[in-house]
Amino acid sequence: MPFVDATLRAEIDALAPELTTIRRDLHRHPELGFEEHRTGAVVRAWLERHGYTPRSCASTGVIADLHPGHPGKTIALRADLDCLPMPETTDLPYRSIHEGRAHKCGHDGHTAVLLGVAAILDRYRDRLPGNVRLLFQPAEEGVDGGGAKRMVAEGALDGVDEVYALHNWPGHPRGHIRVKPGPMLAQTHWLGITVHGVGGHGSQPQLCRDPIVAAAHIVVALQTVVARGLGYDGGAVVSVCRFSSGTTDNVVPATAELEGTVRTFAPEITELVLARIREVVHGTAAALGVRAELELEPGYPVVMNDPTCAHAVHRVATQVVGSGAVSDAGLPIAGGEDFAYMAQAVPGAFFFLGAGAPGRDTPGCHHPDFDFDDTIIPTGVAMFMGLVADRFGI
Ligand code: NI
């Protein structure tokens with residue numbers, strides 16, 4: 001008899017309205033990384049109500065153990081708490097009340113899912129032959145290097161055997177699970193280029209070293225790093241996302257600034273792509289008589305799914321959503337996730353829970369019109385409950 005049976009599903013469904021209310025409350029009160037004070041208080045109050053003794057970690061993070069000090073296995077489940085520094089442009093009744101802050105990645109939903117798991121686990125406490133550690137992580141969106149790294153450094157995964165996390169994904173059909181062993185999300189690098197030329201009068205370009213023209217050539221040349229440098233199976237993204245220079249129409253400026261992002265999935269490809277970027281940037285600058293300053297700062301590492309853990313997610317998903325709704329299509333995704341640090345510390349798996357509404361283009365994560373789909377909360381809870389049961393062999 002599977003653990004995620006009709007009885008458990010009914011319990012989860014009965015809890016769903018309350019979880020939706022919490023999710024919308026969190027949506028209304030979004031908080032940036034390491035500022036999740038109110039969110040943390042909501043999480044703590046819920047956990048205490050359900051028999052846990054929560055503790056702080058990584059400043060605004062919260063941890064709770066189902067069976068503290070249990071000699072059996074410990075399975076950790078992670079949700080992220082923070083919002084994005086972007087405006088809320090929707091007219092939702094629970095729209096953000098904070099200017100320039102909004103839950104546009106669905107971390108409000110991830111938190112609600114894990115709170116649901118906490119409540120259901122409480123009812124099954126006596127049946128579980130081990131510990132479940134709930135990790136409510138601050139600052140996934142990259143503030144000060146991210147909250148996951150800090151949680152790991154502060155011992156959040158000490159004694160943990162395996163760790164799991166999910167992310168909603170509107171690009172996949174609602175309720176579908178996508179998972180695979182190996183790379184799930186990208187290694188990110190921040191790319192910064194300052195082109196130093198010689199400014200002057202717009203009417204006398206011959207006396208200048210135009211940094212705008214040189215930077216434009218650099219942007220174009222960078223397009224060859226992936227398209228001409230890697231084969232079809234290379235897998236990398238190089239995007240210039242900011243080009244800024246000049247102050248008026250008749251002055252050739254002295255500098256131009258470019259900013260962008262690099263996404264890769266394997267160390268050897270990362271090395272190759274970064275080496276080509278250096279050659280292309282400095283070579284193009286030299287050819288055009290300007291000097292380029294290049295910075296490549298590593299962000300989050302690749303989220304690497306442990307094969308055993310990824311197979312467990314696949315097995316559980318087959319039970320929870322059915323085999324027709326589980327696949328590895330579209331993976332890996334070129335986004336970055338600091339769950340990578342947790343999956344480096346102990347074996348783990350990250351999976352996507354589809355949130356695409358049938359028959360329409362659902363706004364994706366970080367889109368101004370994005371909103372977490374509350375109807376997938378029960379599937380998220382069932383997935384985590386199924387994983388706990390699978391890993392404890394019950
Ligand atoms: Ni996110």
Side-chain angles (χ1 to χ4, degrees), residues 23 26-27 29-36 39-40 43 58 60-62 77-88 90 96 100-115 135-151 163-172 174 176-179 183-188 190 237 261 263 299-305 313 330-343 348-356 362-374 376-377 379-380 383-384:
R23 202 288 291 181
L26 296 177
H27 190 94
H29 302 93
E31 294 174 304
L32 294 171
F34 295 124
E35 294 174 12
E36 305 95 331
T39 310
V43 167
T60 44
V62 180
L77 307 173
R78 173 273 212 170
D80 34 16
L81 300 171
D82 57 327
C83 73
L84 282 161
M86 62 188 283
E88 171 88 79
T90 66
S96 168
R101 281 187 264 158
H103 269 297
K104 294 292 168 186
C105 201
H107 299 183
D108 47 352
H110 305 162
T111 301
V113 165
L114 199 56
L115 291 177
L135 306 171
F136 294 89
Q137 182 216 302
E140 191 284 319
E141 299 289 359
V143 182
D144 289 341
K149 195 177 183 179
R150 226 167 118 182
M151 281 190 102
V163 62
Y164 295 88
L166 65 74
H167 205 293
N168 79 99
W169 201 254
H172 303 156
R174 179 188 283 157
H176 283 221
I177 301 296
R178 299 270 169 99
V179 68
M184 274 295 284
L185 286 137
Q187 158 80 59
T188 65
W190 174 79
V237 175
T261 187
R263 308 292 170 115
Y300 298 156
V302 172
V303 172
M304 199 60 84
N305 275 355
V313 173
L331 301 180
I333 277 177
E337 243 286 352
D338 68 351
F339 180 76
Y341 296 110
M342 294 190 175
F350 187 90
F351 59 98
F352 288 103
L353 170 53
T362 313
C365 295
H366 296 208
H367 188 285
D369 295 333
F370 171 88
D371 185 33
F372 182 83
D373 182 344
D374 291 313
I376 63 172
I377 290 177
T379 310
M383 277 300 300
F384 278 146

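Because the structure is predicted, anything quoted here is derived from the model rather than measured. No hydrogens, no waters, no symmetry mates; every other heavy atom, side chains included, goes into these values. Counting starts at 1 for both ligands and their atoms, following the listed order.
- Tyr164 meets the side-chain hydrogen bond (donor to acceptor under 3.5 Å, both in side chains) test with Glu162, Arg391; sequence neighbours excluded.
- Here 3 is the count of protein N, O or S atoms positioned under 2.8 Å from the Ni ion (ligand 1), waters not counted.
- A salt bridge links Arg23 with Asp371: at least one charged nitrogen is closer than 4.0 Å to a carboxylate oxygen.
- Here Phe352 and Phe350 bring their ring centres to under 6.0 angstrom of each other.
- With sequence neighbours left out, the side chain to side chain contact (heavy atoms under 4.5 Å, CB included) criterion links Ala340 to Pro301, Val303.
- Under the side chain to side chain contact (heavy atoms under 4.5 Å, CB included) criterion, Val302 pairs with Pro183, Gln187, Met304, sequence neighbours left out.
- Counting heavy atoms from C-beta on, the side chains of Asp80 and Glu337 come closer than 4.5 Å.
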